[in-house]
Number of protein chains: 2
Amino acid sequence: MKKKRVTLKDIAAELKVSISTVSRALKDHPDIDKTLTKKIKALAQKWNYIPNPLAMGLLRQQTQVIGVIVPDLVTYFFSSIISGIEDELQQAGYYIIISSSKESMEKEIECVHNLLNLRIDGLIVCLAQDSNDTAHFEKVLDHDVPLVFFDRVCLEKKVSTVVVDNVSMAKDITTHLFENGARKIAHITGPKHLNIVKERTEGYLKGLEQVGLLLDKKHLIHTDLSPNNAAKAIRGLLSLPSRPDAILGVNDTVIFATMKEIKNRNLKIPKDILLAGFSDEFHATVVEPNLTSVAHPTHDIGRNAAKLILEQIQEGRSIQKKIILNTELHVRESSTRH
Amino acid sequence: MKKKRVTLKDIAAELKVSISTVSRALKDHPDIDKTLTKKIKALAQKWNYIPNPLAMGLLRQQTQVIGVIVPDLVTYFFSSIISGIEDELQQAGYYIIISSSKESMEKEIECVHNLLNLRIDGLIVCLAQDSNDTAHFEKVLDHDVPLVFFDRVCLEKKVSTVVVDNVSMAKDITTHLFENGARKIAHITGPKHLNIVKERTEGYLKGLEQVGLLLDKKHLIHTDLSPNNAAKAIRGLLSLPSRPDAILGVNDTVIFATMKEIKNRNLKIPKDILLAGFSDEFHATVVEPNLTSVAHPTHDIGRNAAKLILEQIQEGRSIQKKIILNTELHVRESSTRH
DNA sequence: GTGAAAGCGCTAACAG
DNA sequence: CTGTTAGCGCTTTCAC
């Protein structure tokens with residue numbers, strides 16, 4: 001037996017008043033008789049009345065649902081950001097629907113359309129790695145749906161973003177490697193169109209310059225972010241006549257692949273090769289040796305993205321803000337020689 | 001400017017026909033004139049008409065949304081299960097809303113109510129660790145909302161579940177530890193009311209019995225699943241006069257805490273202590289030494305839970321099925337002595 | 001073949 | 001103070 005949810009109609013019928021009276025009473029409309037209000041509220045309570053969000057949504061043309069699109073669900077970086085988004089949005093009475101683009105633009109486009117068709121009230125996105133077109137996001141803006149990017153961003157002129165200072169992060173980490181004795185510092189990174197790749201590469205180059213090292217072009221490798229291709233890139237690096245004595249990875253996928261390859265060759269970290277990355281905080285202290293990495297404030301990234309969305313919903317108009325969050329370089333065994 | 005979504009009304013007005021004609025034409029109703037149908041479809045296409053899910057939902061009393069409640073979002077085990085659920089449901093045209101109970105029953109109850117109030121079409125749950133009451137799930141059944149549990153389950157008489165064979169898993173792993181020389185095998189596990197705890201403990205005891213070891217009661221520890229309390233439990237174990245020479249952890253949290261404590265004491269794995277756990281596959285090959293663990297078919301757990309929900313929605317009635325999926329014992333360095 | 005009308009649950013302007 | 005009405009977008013009888 002489907003236990004039908006109780007509606008205003010049910011309450012009105014029981015109390016022999018009109019639906020609108022019930023509706024008003026439940027929102028403490030001053031016009032309604034206090035005693036009646038009490039009676040109505042009591043019954044609503046007793047019958048466990050909950051307004052039907054579908055009806056409300058239809059009326060107000062809003063769903064209380066925020067879409068979130070991430071490249072994947074299973075890495076700590078993204079799941080902890082989602083956790084932050086959730087914490088912030090749920091106390092504002094919003095729900096989130098999470099979709100995974102699986103690092104594919106095609107899938108990302110599909111996700112955007114699905115969510116738009118669902119009539120979400122806002123959209124929070126981290127770009128897929130091969131997302132090099134913005135038409136689908138323009139469409140989001142066309143529909144006047146609040147949009148926020150985090151980490152991997154685009155359309156920065158029009159859309160609010162939550163990011164970290166990739167350039168200085170990469171620069172600091174590069175000079176740190178130099179200070180620990182590295183003279184041939186390689187950088188394995190991702191597709192060139194991604195802002196995080198561009199910025200981290202820029203920081204890496206600035207770091208080299210600052211410590212007076214020249215770039216060996218063979219030491220700057222653009223690959224994609226998949227473990228297989230990262231591994232291939234690393235094998236290439238390790239076979240070079242000018243084998244690097246330090247590797248800076250663009251993210252954790254790259255770093256873990258790197259560690260495995262280095263161990264396979266019986267090279268030691270940090271003795272033979274220093275290792276550092278932009279990583280997700282969690283694994284870093286579990287692997288051996290512990291990994292030096294830039295800790296992103298993942299939970300805060302999520303919270304801030306959520307706040308920006310809420311702000312836009314309240315303001316009722318698209319705003320453009322850029323929030324830059326602080327990171328911390330966590331120096332651990334993988335990059336220190338004493 | 002809010003670009004209003006186009007409605008049947010808009011199309012009807014443009015073509016000077018009635019709304020119902022448009023509605024019918026779009027679903028290829030045989031009554032409607034073929035030419036008219038074509039014209040209507042063409043305009044709908046051109047204007048990018050998408051039915052409003054809110055209106056449909058109100059009409060049909062369904063939302064196409066499935067709720068998912070997990071103890072947390074940030075461990076690989078859960079996020080990869082969610083990934084499986086998503087893969088299955090999205091191709092069936094359903095969306096998922098994920099809530100995290102943060103291992104708290106109170107929060108879990110809140111999540112259930114929130115989702116129920118949202119009028120979800122189904123609910124997939126893994127119990128929070130301190131969830132020892134079922135009233136909130138009875139309420140789900142009362143409302144005739146399809147319900148499926150995975151991994152940590154309850155109400156098995158009435159509700160469909162997706163699980164693994166914990167008893168034999170735990171037994172196998174225990175005998176495996178014995179075969180690798182362990183004679184004092186400890187088991188650190190969680191709250192007694194959880195099925196996975198009960199079953200794994202049972203398997204552990206059966207394993208001991210099979211190889212002819214007697215249980216040292218000090219070696220079976222029930223704690224909660226938090227890293228801090230796990231660590232405390234492990235410190236206790238390691239300080240015992242009868243210090244164990246193998247530890248079986250109930251999950252990855254426990255195992256990682258264990259590893260750290262063992263390393264802190266300068267004990268070696270596997271030389272001094274063997275280690276094995278029920279874990280989430282991913283970290284196991286990243287830590288040093290690689291961890292022996294039972295690999296859960298996480299993606300499949302998710303897919304199957306989703307399938308069970310879809311089945312119940314289609315059948316229109318609550319069914320009770322129990323799907324037991326196979327696991328694999330991945331033997332790695334942490335438990336082998338040669 | 002096509003249109004009019006009712007209804008899903010709710011709110012809000014308009015009457016009394 | 002309370003009821004009536006219209007309408008959010010859609011489907012589905014029931015008429016013609």
Side-chain angles (χ1 to χ4, degrees), chain A residues 2-41 43-44 47-65 93 116-121 143-144, chain B residues 2-41 43-44 47-65 93 116-121 143-144:
Chain A
K2 186 98 176 184
K3 199 166 155 187
K4 230 184 100 283
R5 308 285 310 218
V6 12
T7 69
L8 290 186
K9 204 174 169 186
D10 300 330
I11 299 181
E14 174 77 7
L15 262 31
K16 304 202 192 321
V17 293
S18 80
I19 295 177
S20 26
T21 303
V22 178
S23 170
R24 281 187 277 236
L26 290 178
K27 359 186 90 53
D28 277 318
H29 192 107
D31 278 0
I32 306 291
D33 180 85
K34 298 292 168 238
T35 337
L36 218 200
T37 299
K38 245 186 201 158
K39 228 168 79 185
I40 290 174
K41 281 194 165 183
L43 186 62
W47 281 3
N48 190 26
Y49 168 77
I50 306 282
N52 184 324
L54 253 22
M56 299 291 278
L58 185 55
L59 207 57
R60 306 215 185 291
Q61 297 290 33
Q62 55 180 32
T63 49
Q64 299 292 107
V65 171
L116 236 33
N117 293 344
L118 226 198
R119 313 313 206 242
I120 47 168
D121 289 347
H143 283 291
D144 219 43
Chain B
K2 185 97 173 184
K3 197 164 155 188
K4 229 184 101 285
R5 309 283 311 217
V6 13
T7 69
L8 290 186
K9 205 176 168 184
D10 300 330
I11 298 180
E14 174 77 8
L15 262 30
K16 303 203 192 321
V17 292
S18 79
I19 296 177
S20 24
T21 303
V22 178
S23 170
R24 281 186 276 235
L26 291 178
K27 0 189 86 52
D28 278 319
H29 192 108
D31 277 1
I32 306 291
D33 181 85
K34 298 295 169 232
T35 336
L36 219 200
T37 300
K38 246 186 200 159
K39 229 169 81 185
I40 290 174
K41 282 194 164 181
L43 187 61
W47 281 2
N48 190 24
Y49 167 78
I50 307 281
N52 185 325
L54 254 23
M56 299 291 278
L58 186 55
L59 208 57
R60 308 218 184 289
Q61 298 290 34
Q62 56 181 31
T63 50
Q64 300 291 109
V65 171
L116 235 33
N117 293 344
L118 226 199
R119 310 321 203 239
I120 46 168
D121 290 347
H143 283 292
D144 217 42

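Computed from a prediction, not measured in an experiment: that's the story for all the values here. Every chain is numbered from 1 and lettered A, B, ... according to where its sequence line falls, protein lines coming before strand lines.
Closest to the B:S23 side chain, of the nucleotides D:dC10, D:dT11, C:dC10, is D:dT11. Here the nucleotide nearest the side chain of B:L59, chosen from D:dG3, D:dT11, C:dG9, is D:dT11. Comparing D:dT11, C:dC10, C:dG1 by their nearest atom to the side chain of B:D33 picks out C:dG1. Listed nucleotides: C:dG1, D:dG9, D:dT4. Nearest to the side chain of A:Q61: D:dG9.
Residue contacts shown for A:L36 are limited to sugar-phosphate atoms, with no base heavy atom under 4.0 Å away. Within 4.0 Å of B:D31, counting heavy atoms only, lies at least one base atom of the nucleic acid.
Remark: C1' of D:dG7 and CG of B:L58 are 12 Å apart, rounded to the nearest angstrom. A:D10 has its CG atom 9 Å from the P atom of C:dC10, to the nearest Å. In this structure, CG of A:N117 is placed 12 Å from P of D:dC10, rounded to the nearest angstrom. Whole-Å rounding puts the A:R24 CZ to C:dC10 P distance at 15 Å. Distance, B:I19 CD1 to C:dG3 C1': 11 Å, rounded to whole Å. Atom CZ of B:R119 is separated from atom P of C:dG9 by 9 Å (rounded to the nearest Å). Rounded to whole Å, the distance from NZ on B:K9 to P on D:dC10 is 10 Å. Atom CD1 of A:I32 is separated from atom P of C:dT11 by 13 Å (rounded to the nearest Å).
Residue A:S20 places a side-chain atom within donor-acceptor reach of the base of D:dT4, judged by atom type and a 3.5 Å distance cut-off alone.
Within the 4.0 Å cut-off from OP1 or OP2 of D:dG3, at least one side-chain nitrogen or oxygen of A:S18 is found. Listed pair A:K27 / C:dT11 meets the phosphate criterion, a side-chain N or O lying under 4.0 Å from OP1 or OP2. For the OP1/OP2 pair of C:dG9 and a distance below 4.0 Å, the side-chain nitrogens and oxygens of A:T7 include no atom meeting the criterion. Taking side-chain N and O atoms only, A:R60 has a distance below 4.0 Å to OP1 or OP2 of C:dA12.
Residues A:L118 and A:T63 fail the side-chain proximity criterion, which asks for heavy atoms closer than 4.5 Å. Residues A:R60 and A:D121 are not in side-chain contact: their nearest non-hydrogen atoms beyond the backbone lie 4.5 Å or more apart. No side-chain heavy atom of B:H29 sits under 4.5 Å from any side-chain heavy atom of B:T37. In this structure, B:V22 and B:Y49 have side chains that are not in contact, with every pair of non-hydrogen atoms separated by 4.5 Å or more.
Ranked by how close their nearest DNA chain C nucleotide is to the 5' end, B:A55 and B:H29 are led by B:H29.
Remark: B:L43 CG to B:N48 CG distance equals 11.5 Å, nearest 0.5 Å.
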